[in-house]
Amino acid sequence: MSSPTDLRLVLHDSLSDSYEDSKVLLAKADLDGTLQLLTSAWERLLGYGREEFKGKTLLHFMWSNPRSAAAAAAALLDEQDLRPVRLRLRCRNGRGKSLTLHRLYDVREHMMYIVGEETRAERAGVICAREERRAAVRTPGSP
């Protein structure tokens, strides 16, 4: 079973949805650990087909060490700290894409709404170090 910080990926299936052809990276995250990619822009940006996302987690596509990837995924679900989260995802062609994810927490639905944007590429180590620092600040008793 996946832990919430694995963020199971689920693709939005409604072809009649007006967001389907959007160029905007929209997603929503249930705080139980499901990340629903709402637009096909995710497929176009990362180069994976719908079937390649099935059964995968966000951590599978992250381009960083497991500890940093887990810290970034946990930051996505943190409703107390809504600063943008930066991460680097691995594309199908082997290259990485740097993204900034802006989030809004909906208290009634207990869900995080996410808008992503591709950002200037940074070395993976810089992003990893930043997310590890954020995780350390949020975790009491961490070194």
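- Side-chain atoms of Arg8 and Thr34 form a donor-acceptor pair, as typed in the model, at a separation below 3.5 Å.
- A distance of 11.0 Å separates CG of Leu59 from OG of Ser68, quoted to the nearest 0.5 Å.
- Within the 4.5 Å cutoff, the side chain of Leu89 has heavy atoms near those of the Met62 side chain.
- Ring to ring, Tyr105 and Tyr113 are not that close: their centroids are 6.0 angstrom or more apart.
- How far CE of Met112 is from CG of Asp78: 7.0 Å, rounded to the nearest 0.5 Å.
- Taking each heavy atom of Ala29 and Leu77 in turn, the nearest pair found is CB-CD2, 3.9 Å.
- The CG atom of Leu76 sits 6.5 Å away from the CG atom of Leu58 when rounded to the nearest 0.5 Å.
- Within the 4.5 Å cutoff, the side chain of Leu37 has no heavy atoms near those of the Val10 side chain.
- The main-chain N or O of Ala75 is found under 3.5 Å from a side-chain atom of Arg103 such that the two form a donor-acceptor pair.
- Note that CH2 of Trp63 is 9.0 Å distant from OG of Ser98, once rounded to the nearest 0.5 Å.
- Between the Arg86 side chain and the Thr119 main chain, no donor and acceptor come within less than 3.5 Å of each other.
- Distance check, rounded to the nearest 0.5 Å: NZ of Lys97 to CG of Leu46 gives 8.0 Å.
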Quiz item: Passes side-chain contact (heavy atoms from CB on, under 4.5 Å), His102 versus Thr100? Steps please.
Solution: CA-CA 6 Å; His102 304 275; Thr100 299; 3.7 Å; yes

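- Under the 4.5 Å side-chain contact rule for hydrophobic residues, Leu101 and Leu104 do not share a cluster.
- Here Arg95 pairs with Asn93 under the side chain to side chain contact (heavy atoms under 4.5 Å, CB included) rule; sequence neighbours left out.
- The aromatic rings of Phe53 and Phe61 lie tilted to each other, with the angle between the two planes from 30° to 60°.
- Note: Glu118 CD to Leu99 CG = 6.5 Å, rounded to the nearest 0.5 Å.
- Here the shortest heavy-atom pairing between Leu45 and Cys91 reads O-SG, 3.9 Å.
- With sequence neighbours left out, Glu52 forms a salt bridge (Lys or Arg N to Asp or Glu O under 4.0 Å) with Arg92.
- Nearest heavy-atom pair across Arg50 and Leu11 is O-CD1, 3.2 Å.
- Nearest heavy atoms, Thr39 versus Leu25: OG1-CA, 3.9 Å.
- Applying the salt bridge (Lys or Arg N to Asp or Glu O under 4.0 Å) rule to Glu79 yields no partners; only residues at least two apart in sequence or on another chain are considered.
- Put simply, Val107 and Met111 are part of two different groups of oily side chains (I, L, V, M, F, W, Y) that touch within less than 4.5 Å, one to the next.
- Side-chain contact between Leu9 and Leu35 is present, with heavy atoms from C-beta onward closer than 4.5 Å.
- Counting only heavy atoms from C-beta outward, the side chains of Lys28 and Asp30 never approach each other to under 4.5 Å.
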